[in-house]
Amino acid sequence: MDELLIKVFICTENHYLYKGVVCSLSERLNCHFVWIKDIDSNKTQLLQEIQPQDIVILLTETNVIDFYFLINLCKCNCKVIMASSEQNWLLNIMFNFVMMNCKFYLSDLLLAIHSKNKNCYYAQYPRFTRQEKKVLFYTSKGHSVSDMSKYLDISEKTIYQHQRNALNKIGMTKPRNVVGLPKNFIEFLFHKHN
């Protein structure tokens, strides 16, 4: 009986990074490599190809990944490994992905591939109040606290509190890190979780 050939989907825009990972892993894993150059929500055909035994490695900046793609990837029940900076470890909490530092070594990647953490059957989304969502939205657009206070007609102290609460829920401490969130994340909060 033939063993199922595992596919390793490598998501990166960087051709040299893709080739480096393939060259390093091809000697150690018996699998087929698939290069995904851009990640957006219109990759439904690609997502249908992914089987539970497959591995998806996300090696791209988090803010260029479409949030709806991550949601659909979670439903594929495959192992997802994501190289990310510390500020985006929220995705591990939300999607149960295997995370590794964005400045990884081959040994880090091999440990992630062979780790037992595989199941990302569901996504756990942080719950935000309506005001926290609004403050997070304005923060992502680069508005100052004083501007938000005027827009929302509440005190700056209250804006700071909503901002701090929202940032804590997504695992961030600094408002400037909000730009590192996946594309469409704020939109998702407003449309799916009002």
Side-chain angles (χ1 to χ4, degrees), residues 1-125 140 170-171 177-188:
M1 191 168 154
D2 291 333
E3 230 181 272
L4 290 174
L5 184 65
I6 294 174
K7 289 183 186 171
V8 176
F9 296 85
I10 302 173
C11 307
T12 181
E13 296 171 345
N14 186 328
H15 175 66
Y16 298 107
L17 180 59
Y18 168 74
K19 285 295 189 181
V21 169
V22 169
C23 184
S24 299
L25 293 180
S26 61
E27 296 177 0
R28 293 164 178 82
L29 298 174
N30 182 22
C31 58
H32 175 71
F33 295 96
V34 179
W35 185 18
I36 304 172
K37 294 178 192 172
D38 58 354
I39 303 171
D40 58 32
S41 58
N42 297 326
K43 296 282 184 192
T44 52
Q45 181 183 1
L46 172 73
L47 290 168
Q48 291 171 352
E49 277 185 48
I50 299 173
Q51 300 298 312
Q53 74 273 9
D54 294 337
I55 300 169
V56 177
I57 304 173
L58 300 171
L59 301 175
T60 189
E61 294 295 323
T62 311
N63 61 339
V64 299
I65 301 173
D66 187 275
F67 190 70
Y68 295 102
F69 176 82
L70 294 175
I71 292 169
N72 290 325
L73 185 59
C74 182
K75 295 175 185 174
C76 292
N77 298 330
C78 66
K79 178 180 280 188
V80 179
I81 300 168
M82 183 173 215
S84 183
S85 58
E86 283 185 31
Q87 71 211 33
N88 292 318
W89 290 78
L90 148 87
L91 296 175
N92 183 33
I93 296 165
M94 288 177 62
F95 295 110
N96 199 22
F97 293 164
V98 177
M99 302 299 280
M100 63 182 183
N101 193 301
C102 60
K103 296 177 182 175
F104 63 91
Y105 294 101
L106 175 61
S107 58
D108 299 326
L109 186 55
L110 289 170
L111 279 171
I113 288 170
H114 294 296
S115 72
K116 294 185 193 249
N117 184 5
K118 163 191 179 302
N119 304 322
C120 55
Y121 302 122
Y122 59 92
Q124 296 177 329
Y125 309 110
S140 71
I170 58 175
N177 293 339
V178 171
V179 297
L181 290 171
K183 284 191 316 187
N184 304 333
F185 178 72
I186 305 291
E187 174 189 307
F188 175 80

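Because the structure is predicted, anything quoted here is derived from the model rather than measured.
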Show the numbers, then the answer: is there a side chain to side chain contact (heavy atoms under 4.5 Å, CB included) between H15 and W35?
CA-CA 9 Å; H15 175 66; W35 185 18; 3.4 Å; yes
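- Using a 4.5 Å heavy-atom cutoff, the side chains of V80 and L58 are in contact.
- Distance check: I65 CD1 to C11 SG gives 7.5 Å after rounding to the nearest 0.5 Å.
- A distance of 9.5 Å separates NZ of K79 from CD1 of I6, quoted to the nearest 0.5 Å.
- Residues I113 and R28 form no side-chain contact, since every pair of their non-hydrogen atoms from C-beta on lies 4.5 Å or further apart.
- A 4.5 Å side-chain heavy-atom check between V21 and T12 finds every atom pair outside the cut-off.
- When side chains are defined from C-beta on, D54 does not count as touching H32, because their heavy atoms never get closer than 4.5 Å.
- The two residues E49 and K7 have their closest heavy-atom pair at OE1-NZ, 3.7 Å.
- Annotation: side chain of L110 is in contact with side chain of L25 (closest heavy-atom distance under 4.5 Å).
- To the nearest 0.5 angstrom, L109 atom CG is 9.0 Å from H114 atom NE2.
- Within the model, atoms CG of L5 and CD of Q51 stand 12.0 Å from one another, a figure rounded to the nearest 0.5 Å.
- L73 places a side-chain heavy atom less than 4.5 Å from the side chain of I50.
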Can L59 and F104 be said to form a side chain to side chain contact (heavy atoms under 4.5 Å, CB included), step by step?
CA-CA 10 Å; L59 301 175; F104 63 91; 3.6 Å; yes
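- Distance CZ/F33 to SG/C23: 9.5 Å, rounded to 0.5 Å.
- Residue S140 comes nearest to V178 through the heavy atom pair CB-CG1, 3.6 Å, listed as atom of the first residue, atom of the second, then distance.
- In this structure, I81 CD1 and I57 CD1 are separated by 5.0 Å, a value rounded to the nearest 0.5 Å.
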